[in-house]
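Only this structure's heavy atoms are used, side chains among them; waters, hydrogens and symmetry mates stay out.
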Amino acid sequence: MNSFEYTITDPVGMHARPAGNLAKKVKEYQSKVVIVKGEKSAEAQKLMAVMGLGVKNGEKITVTVEGDDEEKAVAEIEAFFKENL
């Protein structure tokens with residue numbers, strides 16, 4: 001299992017467009033990707049679950065990746081967050 005922490009920098013937080021793009025990106029991998037905020041967690045490919053986390057600007061999340069292609073996936077997903085969120 002690999003993971004990274006990220007602080008959201010998008011002024012609107014994790015809103016529908018980047019969350020939808022994230023869900024598409026995550027489907028490229030075999031690994032399971034989970035976003036954790038506080039006590040809540042959501043599978044990244046489930047758009048409504050991610051939106052339900054209510055992640056706002058300045059909040060820290062942890063993203064965990066577990067599976068056969070986790071090393072590649074964690075690097076590319078972290079780059080996605082830096083570019084889009």
**OP:** Could you tell me whether the side chain of Glu59 and the main chain of Lys56 form a donor-acceptor pair under 3.5 Å?
**Re:** yes
**OP:** May I ask whether Phe80 and Val50 are part of the same hydrophobic cluster, defined by side-chain heavy atoms of I, L, V, M, F, W, Y residues being less than 4.5 angstrom apart, directly or through others?
**Re:** yes
Original post:
With no hydrogens and no angle check, is any side-chain donor or acceptor of Lys37 less than 3.5 Å from a backbone partner on Leu53?
Top reply: yes
**OP:** Give, for atom CG of Asn2 and atom NZ of Lys72, the distance between the pair rounded to the nearest 0.5 Å.
**Re:** 14.5 Å
Original post:
How many angstroms lie between atom CD of Glu43 and atom CD1 of Ile35, to the nearest 0.5 angstrom?
Top reply: 10.5 Å
**OP:** Verify side chain to side chain contact (heavy atoms under 4.5 Å, CB included) between His15 and Asp10, making sure each step is shown before the conclusion.
**Re:** CA-CA 9 Å; His15 54 94; Asp10 188 303; 3.4 Å; yes
**OP:** Identify the two heavy atoms, one from Ile8 and one from Gly13, that lie closest to each other, and give their separation to 0.1 Å.
**Re:** CG2-CA, 3.9 Å
Original post:
Closest heavy-atom contact between Ala44 and Leu22?
Top reply: CB-CD2, 4.3 Å
Original post:
Do Val34 and Ile77 belong together in a cluster built from hydrophobic side chains that touch within less than 4.5 Å?
Top reply: no
Subject >> Contact summary for Thr62 and Ser3, nearest pair of heavy atoms >> reply: CG2-CB, 4.4 Å
Subject >> Derivation of the side chain to side chain contact (heavy atoms under 4.5 Å, CB included) call for Val36 and Ile61 >> reply: CA-CA 6 Å; Val36 180; Ile61 59 168; over 6 Å; no
Original post:
Which distance, rounded to the nearest 0.5 Å, do you find between the CG of Asn21 and the CD of Glu83?
Top reply: 11.5 Å
Original post:
Between Glu5 and Lys60, is there a side-chain N and carboxylate O pair less than 4.0 Å apart?
Top reply: yes
**OP:** Spell out, yes or no, whether Phe4 and Met1 are grouped together once hydrophobic residues are joined by side-chain heavy atoms under 4.5 Å, including indirect joins.
**Re:** no
Original post:
Mind checking whether Val26 and Tyr6 sit in one hydrophobic cluster, side chains of I, L, V, M, F, W, Y counted as touching below 4.5 Å?
Top reply: yes
Original post:
Is atom CD of Glu71 surrounded by more than 12 heavy atoms (other residues, nucleotides or ligands) closer than 6.0 Å?
Top reply: no
Original post:
Got a sec: does the NZ of Lys32 have more than 12 other heavy atoms crowding it under 6.0 Å?
Top reply: no
Original post:
Going through the checks in order, is the side chain to side chain donor-acceptor pair (under 3.5 Å) test met by Glu70 and Tyr29?
Top reply: CA-CA 8 Å; Glu70 66 186 46; Tyr29 309 104; over 6 Å; no
Original post:
Hydrophobic clusters join Ile, Leu, Val, Met, Phe, Trp and Tyr when side-chain heavy atoms are under 4.5 Å apart, directly or via other members; which others share one with Leu47?
Top reply: Met51
